[in-house]
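Report on one structure; see the data block that follows.
Source: prediction; values computed, not measured.
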Amino acid sequence: MSTDPNDKAAVEKRLWKELDDARFGMLGLMNAHQHFQPMTAFAEPEGGQVWFFTREDTDLAKSASGGAEAMLIVQSKDQEFQACIGGVLSTARDTARIDKYWNPIVATWFPDGKDDPALTLLRLDVRDAELWISKGGPVRFAWEVAKANLTDSPPDLGDKAHVKLA
């Protein structure tokens, strides 16, 4: 799927679509000496937020409790789209969203169900994103790399876009 990197609305729409389709990403804090970790993302484009289930005793939840700069790294399943999404991560006990996003997979992490005292949500208030959109998949990639090696010119592997969301 091609997206014009100069069309802000199209780039933003593609970002939210790919995030919703991928559902997973690597989430981490910018100034904490912690590794990024895989998390299931529940995107809300209309509010510019991404929600995650976690336990309140995790390092990530403890570090984000007062609000912290964070990044979410996402890659599409076909590897033709990558994004680094920046914003502020905080904790929330939002029962409406717990109900909305609760599912059997989430339930496996919380033995006491939705009332598990350790259950909390992380909310990423998205500010901006950097996106890389590849063209043509692996065949195009191989062609562009071969062509670049023969012509001593850089390969044309796709587009890069930056979008401010807040």
Glu18 bridged to Lys77 by N-O distance under 4.0 Å: no
Within one Ile-Leu-Val-Met-Phe-Trp-Tyr cluster: Ile133 and Leu165, side-chain cutoff 4.5 Å: yes
Parallel, tilted or perpendicular: rings of Trp102 and Phe53 (30°, 60°): perpendicular
Backbone N/O of Ala41 and side chain of Arg23: donor-acceptor pair under 3.5 Å: yes
Step-by-step side-chain contact (heavy atoms from CB on, under 4.5 Å) determination, Gln49 to Phe42: CA-CA 8 Å; Gln49 298 173 334; Phe42 298 93; over 6 Å; no
side-chain contact (heavy atoms from CB on, under 4.5 Å) assessment of Arg127 paired with Asp125: CA-CA 7 Å; Arg127 275 200 217 133; Asp125 292 304; over 6 Å; no
Worked verdict on Gln75 versus Phe81 for side-chain contact (heavy atoms from CB on, under 4.5 Å): CA-CA 6 Å; Gln75 179 170 307; Phe81 177 91; over 6 Å; no
Residue Asn31 excluded, over 12 heavy atoms near CG under 6.0 Å: no
Point-to-point distance, once rounded to the nearest 0.5 Å, from CZ of Arg123 to OG of Ser90: 4.0 Å
Same apolar cluster: Val50 and Val163, side chain cutoff 4.5 Å: yes
Gap separating the OG1 atom of Thr54 from the NZ atom of Lys62, nearest 0.5 angstrom: 11.0 Å
Thr120 vs Thr58 side-chain heavy atoms within contact, under 4.5 Å: no
Nearest heavy-atom neighbours spanning Gly28 and Phe36: N-CD2, 3.5 Å
Exercise: identify the closest heavy-atom pair between Leu89 and Ala70: CB-CB, 3.7 Å
Spacing of Phe52 atom CZ and Leu27 atom CG [to the nearest 0.5 Å]: 4.5 Å
From CD (Glu69) to CG (Leu124), nearest 0.5 Å: 9.5 Å
Rounded distance [0.5 Å steps], CG in Asp112 versus CZ in Phe110: 10.5 Å
Cluster overlap Met26 with Val74, hydrophobic side-chain contacts below 4.5 Å: no
Backbone N/O of Leu150 and side chain of Asp152: donor-acceptor pair under 3.5 Å: no
Euclidean distance, Thr40 OG1 relative to Ile105 CD1, rounded to 0.5 Å: 7.5 Å
Evaluation steps, side-chain contact (heavy atoms from CB on, under 4.5 Å), between Lys100 and Glu44: CA-CA 12 Å; Lys100 181 177 181 178; Glu44 292 186 0; 3.8 Å; yes
Joint cluster assignment, Met39 & Leu29, ILVMFWY side-chain distance < 4.5 Å: yes
Donor-acceptor side-chain pairing of Thr91 and Glu56 below 3.5 angstrom: no
Check: Ala129 main-chain N/O paired with Lys164 side-chain donor or acceptor under 3.5 Å: no
Exam field: side chain Asp94 to backbone Arg97, donor-acceptor pair closer than 3.5 Å: yes
Verify same cluster id: Val11, Trp16 (apolar side-chain graph, 4.5 Å): yes
Polar side-chain atom of Ser63 near backbone of Leu60 as donor-acceptor pair, under 3.5 Å: no
Side-chain ion pair, Arg55 and Asp116, N-O less than 4.0 Å: yes
Check: Leu119 main-chain N/O paired with Arg93 side-chain donor or acceptor under 3.5 Å: yes
Side-chain donor/acceptor of Gln82 to backbone N/O of Gln79, under 3.5 Å: yes
